[in-house]
K.L.:
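The structure's right below; bear with me while I get my questions together.
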Number of protein chains: 2
Amino acid sequence: MPLPRSERTATTAVPEATVARLPVYHRALVALAERGATTVSSEELAAAVGVTSAKLRKDLSLLGSYGTRGVGYEVDYLLYQISRELGLTQDWPLVIVGVGNLGRALANYGGFSSRGFRIVGLLDPDPEIVGEKIGADFLVEVRPLDELEDVVTEAGVLIGVIATPAHAAQAVCDRLIAAGVRSIMNFAPLVVAVPPGVSVRSVDLGLELQVLAFHEQRKLGREEVRS
Amino acid sequence: MPLPRSERTATTAVPEATVARLPVYHRALVALAERGATTVSSEELAAAVGVTSAKLRKDLSLLGSYGTRGVGYEVDYLLYQISRELGLTQDWPLVIVGVGNLGRALANYGGFSSRGFRIVGLLDPDPEIVGEKIGADFLVEVRPLDELEDVVTEAGVLIGVIATPAHAAQAVCDRLIAAGVRSIMNFAPLVVAVPPGVSVRSVDLGLELQVLAFHEQRKLGREEVRS
DNA sequence: CTGCATTGGAGTACACGTGCACAAGCGCCT
DNA sequence: AGGCGCTTGTGCACGTGTACTCCAATGCAG
Ligand SMILES: NC(=O)c1ccc[n+]([C@@H]2O[C@H](COP(=O)([O-])OP(=O)(O)OC[C@H]3O[C@@H](n4cnc5c(N)ncnc54)[C@H](O)[C@@H]3O)[C@@H](O)[C@H]2O)c1
Ligand SMILES: NC(=O)c1ccc[n+]([C@@H]2O[C@H](COP(=O)([O-])OP(=O)(O)OC[C@H]3O[C@@H](n4cnc5c(N)ncnc54)[C@H](O)[C@@H]3O)[C@@H](O)[C@H]2O)c1
């Protein structure tokens, strides 16, 4: 006899596209809850996040049947289920390697702790920076790069953030993984190679701008033709 | 008689998925050029960026026939063609609204100018910040938020970056568009609504972490089952 | 100049993700 | 108690994007 769906995390594979949208639903639901809403229809929620209601319902149905036909979804309950599915009900310790412009901005950002992420380590090789205390909720001291392995092992860190210059990124990545990290968030503008089983998400702000520039150029081209 | 393909930007629609990969190819080619390579085969380049060679070739063939059979692609030439397609051969002025942790990091980042992006405006309502001079290549003075429309119009800005708190993002977005901006890069954790014809790319760092946490939780779940 | 090995480009089959439309189910009102 | 309207959940068809296969074009060696 299978467990009721509400009592387990979905074992069926959730499409990557859906996974990417779940945090967006989460955000919108938090906003709704703060506004005091108790229930929400798929139509409303879909409009808030900019997707079609059919897609939203299909996404949610992959996690389980958490809605009530004729009524909609109970905000608190759905919020909890998505949080659980995303692993937001537990605490994720993370380290940031490279405390320059970007690493500093991340460390100062207060929005991570509310979603269950806790910065337990800041690493940088620059002696000028080491020893500095940075943080939004609570201060974390910047430690020398040599202590990377210690920090990761001690706190059981599974998620690492790379905010170093590009030339150092692969080496840092290798060390993180060797120390036990299994998910990498990479800001350096290059493709880091990782062994199977390790997840990587690269965020390249320059790349995003280039995509925008491409579309902008297309718009300009179209206008030229039309005139 | 149609123009030879090499003399025009591709008029056939380029798939969004391909557009997203072009900057990655661009990056890899720059690295290859710096290393002194003159030609590169589809196999090599594909390995460098982590895609299959077939996909790479199909992507490139959408832009034109820039390769030589039996040899590969000439690095400089291909680089130029991709740059042209992406609109990197021209200069894109951009404004950043909100000079906090993140806006400051972006303004201090030197990697944009080399790809044709030039920061011409930094806007912030905080009088403490206004007047400050920030920049990597050349300094830009932070101006009061009221002058947003002036800056955009004067410099003919088409791309705007939103790095304000979430509650201010939509208002800022509306003002940018009203002033003439047609592409938005948004860092605030919400979905901004824009009229048709305006492109938006949202980068939510918290969202990326949540996706990683999801996969991490999945891995943990699998291990539990196995033990 | 010829033959051969190499490599891009086009064509084809497949998988994934999306949108549509409808049946199933719940609550409310009579 | 029963029917009615509302919203969910889902099967199905479509389109887009991806992986694979084949072939001809091309450079190079002899
Ligand atoms: N700042 C931005 O807005 C921005 C935008 C796009 C991409 N990036 C990328 O993010 C990364 C960081 O950018 P940044 O502006 O913070 O750079 P930064 O130069 O300000 O900071 C880099 C930090 O890494 C440290 N570092 C140097 N060598 C290291 C090594 N071998 N191991 C570990 N740490 C080392 C430095 O001491 C420094 O503190 C870069 O790869 C950059 O390309 C940044
Ligand atoms: N810093 C990060 O690492 C990080 C990570 C993820 C998301 N974000 C998001 O990026 C945005 C900026 O983050 P931050 O850390 O730089 O915040 P911040 O508070 O440091 O900076 C925000 C800046 O916006 C300015 N501002 C306030 N109200 C404004 C208004 N009405 N119009 C224009 N400007 C206004 C403030 O004066 C301040 O300088 C936020 O939405 C945040 O959620 C930041």
Side-chain angles (χ1 to χ4, degrees), chain A residues 2 4-6 10 12-22 24-25 28-29 32 37-79 81-82 85 211 214-215, chain B residues 2 4-6 10 12-25 28-29 32 37-79 81-82 85 211 214:
Chain A
R5 292 181 88 165
S6 58
T12 27
V14 179
E16 201 55 38
T18 299
V19 175
R21 282 190 296 269
L22 288 180
V24 185
Y25 302 155
L29 284 167
L32 278 169
T38 57
T39 61
V40 63
S41 73
S42 63
E43 208 67 55
E44 287 174 78
L45 187 54
V49 301
V51 300
T52 62
S53 63
K55 201 193 289 186
L56 174 75
R57 286 199 300 273
K58 182 156 283 186
D59 284 342
L60 295 182
S61 75
L62 289 168
L63 311 184
S65 299
Y66 300 136
T68 310
R69 289 158 196 254
V71 178
Y73 299 90
E74 196 182 331
V75 174
D76 288 344
Y77 185 53
L78 184 58
L79 194 49
Q81 292 298 345
I82 292 182
E85 189 72 25
V211 173
F214 172 86
H215 286 123
Chain B
R5 293 182 86 165
S6 57
T12 27
V14 179
E16 201 55 37
T18 299
V19 175
R21 281 189 296 270
L22 287 180
V24 184
Y25 302 155
L29 284 167
L32 278 168
T38 56
T39 60
V40 63
S41 72
S42 62
E43 209 66 56
E44 288 174 77
L45 187 54
V49 302
V51 300
T52 62
S53 63
K55 200 193 290 188
L56 174 76
R57 287 199 299 272
K58 177 155 283 186
D59 283 343
L60 294 182
S61 73
L62 288 169
L63 312 185
S65 299
Y66 301 135
T68 311
R69 290 156 196 261
V71 179
Y73 299 89
E74 196 183 328
V75 174
D76 287 343
Y77 185 54
L78 184 59
L79 194 50
Q81 292 298 345
I82 292 182
E85 188 71 25
V211 173
F214 172 86

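In this text the structure is predicted, and so the values were computed from the model without any measurement. Each chain gets a letter, A, B and so on, in the order its sequence line appears, and its residues count up from 1.
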K.L.:
Return the residues of residues 48-57 of chain B meeting this criterion: a heavy atom under 4.0 Å from some atom of DNA chain D. Order them by number, or give none.
P.N.:
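By residue number: B/T52, B/A54, B/K55.
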K.L.:
Which whole-number value in Å describes the distance from B/E16 CD to C/dG17 P?
P.N.:
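After rounding, the gap between these two atoms is 17 Å.
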K.L.:
Take B/Y73 and B/E44, measure what side chain to side chain contact (heavy atoms under 4.5 Å, CB included) needs, and give me the verdict at the end.
P.N.:
CA-CA 10 Å; B/Y73 299 89; B/E44 288 174 77; over 6 Å; no
K.L.:
Could you check how far CG of B/L78 sits from P of C/dG8, rounded to whole Å?
P.N.:
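About 11 Å, once rounded to whole Å.
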K.L.:
Over all heavy atoms of both residues, which pair between A/Y25 and A/K55 is shortest? Give the atoms and the distance, please.
P.N.:
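Closest approach of A/Y25 to A/K55, heavy atoms only: OH-O, 4.4 Å.
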K.L.:
Kindly give the heavy-atom pair with the smallest separation between B/S53 and B/S42, and that separation in Å.
P.N.:
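Looks like CB-O, 4.0 Å.
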K.L.:
How many whole angstroms separate atom OH of B/Y73 from atom C1' of C/dT7?
P.N.:
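After rounding, the gap between these two atoms is 9 Å.
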K.L.:
What verdict does the side chain to side chain contact (heavy atoms under 4.5 Å, CB included) test give for B/T38 and B/V75, after you've listed the backbone C-alpha separation in whole Å, the side-chain angles of each residue and the deciding distance to 0.1 Å?
P.N.:
CA-CA 5 Å; B/T38 56; B/V75 174; 5.8 Å; no
K.L.:
Test side chain to side chain contact (heavy atoms under 4.5 Å, CB included) on B/L32 and B/L45; report intermediate values, then the result.
P.N.:
CA-CA 9 Å; B/L32 278 168; B/L45 187 54; 4.1 Å; yes
K.L.:
Starting from the 5' end of DNA chain C, give me the residue, B/G72 or A/T18, whose nearest nucleotide shows up first.
P.N.:
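The residue closer to the strand's 5' end, by nearest nucleotide, is B/G72.
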K.L.:
Please determine, for the side chain of B/S65, which listed nucleotide (C/dG9, C/dG17, D/dG9) has the closest atom?
P.N.:
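For B/S65, the side-chain atoms sit closest to C/dG9.
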K.L.:
In B/S/- notation, 5' to 3', how is nucleotides 25-30 of chain C contacted by protein heavy atoms closer than 4.0 Å?
P.N.:
BBS---
K.L.:
So, does B/Y66 get its side chain near the phosphate of C/dT7, meaning an N or O under 4.0 Å from OP1 or OP2?
P.N.:
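Answer is no, no contact under 4.0 Å.
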K.L.:
Do you know which two heavy atoms are closest between A/D59 and A/T18, and how far apart they sit?
P.N.:
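Here A/D59 and A/T18 meet closest at OD1-OG1, 2.8 Å.
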K.L.:
Taking C-beta and beyond as the side chain, do A/L22 and B/V211 meet within less than 4.5 Å on heavy atoms?
P.N.:
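Result no, sub-4.5 Å side-chain heavy-atom pair not found.
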K.L.:
Could you pull out the closest heavy-atom pair between A/F214 and B/E85, with the gap in Å?
P.N.:
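Result for this residue pair: CD1-O, 3.2 Å.
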K.L.:
For residues A/A20 and A/V24, report the shortest heavy-atom separation together with the two atoms involved.
P.N.:
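Smallest interatomic distance, heavy atoms only, reads O-CG2, 3.9 Å.
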K.L.:
How close or far is atom P of C/dG9 from atom CG of B/L62, stated in whole angstroms?
P.N.:
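Those two atoms, CG and P, are 11 Å apart.
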K.L.:
Begin with the C-alpha distance, continue with both residues' side-chain angles, and end with the deciding distance and a verdict on side chain to side chain contact (heavy atoms under 4.5 Å, CB included) for A/R21 and A/L56.
P.N.:
CA-CA 9 Å; A/R21 282 190 296 269; A/L56 174 75; over 6 Å; no
K.L.:
When rounded to the nearest 0.5 angstrom, what distance separates CZ in B/R57 from OG1 in B/T52?
P.N.:
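One finds 8.5 Å between CZ of B/R57 and OG1 of B/T52.
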K.L.:
What is the distance from CG of B/L63 to C1' of C/dG9, rounded to the nearest Å?
P.N.:
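Computing the B/L63:CG to C/dG9:C1' distance gives 13 Å.
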K.L.:
Test for a donor-acceptor pair under 3.5 Å between the base of D/dG17 and the side chain of B/K58, counting only N and O atoms.
P.N.:
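Such a pair does not exist between side chain and base.
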K.L.:
At a heavy-atom distance below 4.0 Å, what parts of residues 38-45 of chain B sit against DNA chain C?
P.N.:
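Contacting residues: B/S41, B/S42.
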